[in-house]
Amino acid sequence: MVWLYPTPKILIAVSLFLSTGLMQLNAQILIKGKILYAKDARPAAFASVKLINHPGGSVSDELGNFRLVLKSIKQTDTLLISSVGYENLKIPAQNAILKSEFILMQSAQILESVTVKSFSQEETVGDKSEIVGYYRSWNTGNKGGEIGRTFLMTHKEYQVAKIRFKIYNTCDTCIVRLHIREVIDGHPGKELVRDSISKVIRKSTDDDKPYEIDLNKYNIILKNQKLFVGFEVVGNSKADHNSCSLSFVGSEPGSYFYKPTREDYWGYIEDYAIFMKLFLKYDD
C-alpha cells in the first residue's frame with residue numbers, strides 16, 4: 001500500500017478553503033440605500049425597515065438613508081419598508097442587497113384632493129394641568145408599538161394645528177412617529193393622515209418639559225367626532241451603548257390604549273392618561 005502525503009501546495013489550498021469558509025460563516029449581510037417618495041422624490045425620513053417575520057429592524061434617517069445589518073438571510077426572506085400614508089414596499093431580501101434606491105408610492109386610500117381652508121377660531125382640547133404626574137415606561141426595543149389616547153371632538157369640521165406632549169427620555173436621541181387614527185367601536189382604527197410625521201426627542205434634562213409638533217403645514221382637516229392620537233417609537237440611540245429608558249408622562253386621571261408591537265392587539269388601561277393637548281382651528 002502506498003501512502004500519499006499532502007504536499008505544501010495542497011495544505012495551502014485546504015487552509016485557504018477553510019479560512020474562506022470561516023469568513024463566510026462570520027460575515028454579516030448589509031442591506032442599505034436611500035428611501036424616496038415617488039410623488040416628489042423627497043427623502044422618506046424615519047421610514048421603518050425590517051425583514052418580515054424577523055425581530056428587530058432599522059429606520060431611515062432625515063435624508064432617507066438606512067442600513068440594515070443581518071446575520072443571514074434565506075431565499076424566502078422579504079424586506080418590508082413602511083411609512084405612514086404610503087403603500088408598504090416588499091422586496092425579496094436577496095434582490096434588495098443589490099439596490100441603492102427604494103421608492104414608496106402614496107396610498108391609494110388617501111389620494112383625495114386636498115382642500116385648503118382658513119379657520120377663524122381656535123381651541124385646545126386634552127389635559128388642563130401641565131404638572132407631571134405619572135410615568136408610562138415604554139420598552140425602547142419594541143419598535144412599531146404605539147401608545148395614545150382618544151379625544152372627543154365637538155366641531156363638525158376642524159383642523160389639527162399642533163400637538164403638545166411630554167416624554168421623559170434617557171436615551172441620547174429617540175424618534176417618535178405621530179399617528180392620528182379614526183375610532184371604530186371604541187378602538188383605534190385606520191390612519192387619517194397622508195404624511196409620515198416624526199420628531200426627534202433629545203435626552204431629557206427636565207421631566208416637565210413639553211414637546212410640540214406643528215401640523216399647520218400638513219393641513220389636517222377632519223370631521224371625525226372621535227380621534228385617536230398616538231406615538232410610535234421608531235428608533236433610539238445612546239453613544240455608550242448602555243441601556244436607556246423612555247417614559248410617556250401622564251398628568252390627569254383618564255385612560256389610554258397601547259400595543260407593544262405593530263402585530264399585537266390593542267390593550268386598554270383606565271388609570272392616568274398620557275399627557276397630550278390638541279390645538280384646533282374651527283369655524284362653527
Side-chain angles (χ1 to χ4, degrees), residues 26-75 77-107 110 138-146 167 169-179 191 193-203 211 213-215 217-218 230-244 246 261-263:
N26 294 327
Q28 290 182 320
I29 298 168
L30 175 63
I31 301 178
K32 66 177 183 177
K34 190 180 188 71
I35 307 171
L36 301 171
Y37 293 131
K39 179 182 177 181
D40 49 16
R42 285 188 301 114
F46 311 130
S48 299
V49 185
K50 64 170 294 184
L51 286 189
I52 294 178
N53 297 324
H54 284 250
S58 182
V59 61
S60 60
D61 62 17
E62 292 91 340
L63 300 178
N65 299 310
F66 77 93
R67 291 170 56 90
L68 183 61
V69 180
L70 305 165
K71 292 182 179 180
S72 64
I73 59 171
K74 299 178 182 178
Q75 190 172 1
D77 282 335
T78 301
L79 182 74
L80 171 66
I81 301 177
S82 59
S83 183
V84 176
Y86 292 82
E87 299 286 352
N88 289 344
L89 178 62
K90 298 180 180 179
I91 303 174
Q94 292 185 341
N95 294 348
I97 296 174
L98 306 176
K99 293 177 65 66
S100 59
E101 285 190 352
F102 300 82
I103 309 299
L104 296 181
M105 306 296 295
Q106 192 169 12
S107 174
I110 51 177
W138 197 249
N139 184 348
T140 53
N142 287 339
K143 308 300 188 301
E146 194 173 335
I167 289 179
N169 173 39
T170 66
C171 304
D172 291 334
T173 60
C174 182
I175 303 168
V176 295
R177 177 181 292 147
L178 174 67
H179 292 271
E191 298 277 358
V193 295
R194 298 182 303 273
D195 300 271
S196 180
I197 304 171
S198 302
K199 186 174 183 65
V200 177
I201 307 295
R202 305 297 178 186
K203 186 175 181 179
Y211 296 91
I213 299 179
D214 188 344
L215 300 173
K217 68 178 181 180
Y218 298 102
F231 290 102
E232 170 194 355
V233 179
V234 296
N236 59 80
S237 63
K238 203 167 190 297
D240 58 12
H241 303 293
N242 290 330
S243 61
C244 56
L246 177 73
T261 67
R262 188 176 288 109
E263 292 76 20

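The analysis underlying the following values was restricted to heavy atoms, covering all of them including side chains, and did not include hydrogens, waters or symmetry mates. Position 1 is the first residue of the sequence; numbering continues from there. The shown structure was predicted, so the numbers you read here are calculated from the model rather than taken from an experiment.
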Could you tell me whether the side chain of [Y] reaches within less than 4.5 Å of the side chain of [X], counting heavy atoms only?
{"X": "Leu104", "Y": "Leu36", "answer": "no"}
{"X": "Gln94", "Y": "Ile73", "answer": "yes"}
{"X": "Ile31", "Y": "Val49", "answer": "no"}
{"X": "Asp61", "Y": "Phe66", "answer": "no"}
{"X": "Phe231", "Y": "Ile201", "answer": "no"}
{"X": "Gln28", "Y": "Leu30", "answer": "no"}
{"X": "Leu70", "Y": "Asp77", "answer": "no"}
{"X": "Phe102", "Y": "Ile91", "answer": "yes"}

Item checked: Backbone N/O of Leu63 and side chain of Lys34: donor-acceptor pair under 3.5 Å -> yes
Check: So, does Ser83 use its side chain to make a donor-acceptor pair with the main chain of Ala47 at under 3.5 Å?
Finding: no
[atom1] of [X] to [atom2] of [Y]: how many Å apart, nearest 0.5 Å?
{"X": "Leu89", "Y": "Ile103", "atom1": "CG", "atom2": "CD1", "answer": "8.5 Å"}
{"X": "Leu80", "Y": "Leu51", "atom1": "CG", "atom2": "CG", "answer": "9.5 Å"}
{"X": "Ile81", "Y": "Ser58", "atom1": "CD1", "atom2": "OG", "answer": "10.0 Å"}
{"X": "Cys174", "Y": "Asn169", "atom1": "SG", "atom2": "CG", "answer": "5.0 Å"}
{"X": "Ile213", "Y": "Leu178", "atom1": "CD1", "atom2": "CG", "answer": "5.0 Å"}
{"X": "Thr78", "Y": "His54", "atom1": "OG1", "atom2": "NE2", "answer": "9.0 Å"}

Minimal non-hydrogen separation, [X] against [Y], with atom names:
{"X": "Arg202", "Y": "Tyr211", "result": "O-OH, 3.8 Å"}
{"X": "Val84", "Y": "His179", "result": "CG2-CE1, 3.7 Å"}
{"X": "Leu79", "Y": "Ala96", "result": "CD2-CB, 3.7 Å"}
{"X": "Pro43", "Y": "Tyr37", "result": "O-CE1, 3.8 Å"}
{"X": "Ser48", "Y": "Glu232", "result": "OG-OE2, 4.0 Å"}

Item checked: Enclosure of Lys32 NZ (heavy-atom neighbours >12, cutoff 6.0 Å) -> no
Margin query: Tell me if the CG atom of Asn53 is crowded by more than 12 foreign heavy atoms within 6.0 Å.
Written below: no
Next item on the list: Starting from the C-alpha separation in whole Å, work towards a yes-or-no answer on side chain to side chain contact (heavy atoms under 4.5 Å, CB included) for Tyr218 and Ile197.
Entry: CA-CA 9 Å; Tyr218 298 102; Ile197 304 171; 3.8 Å; yes
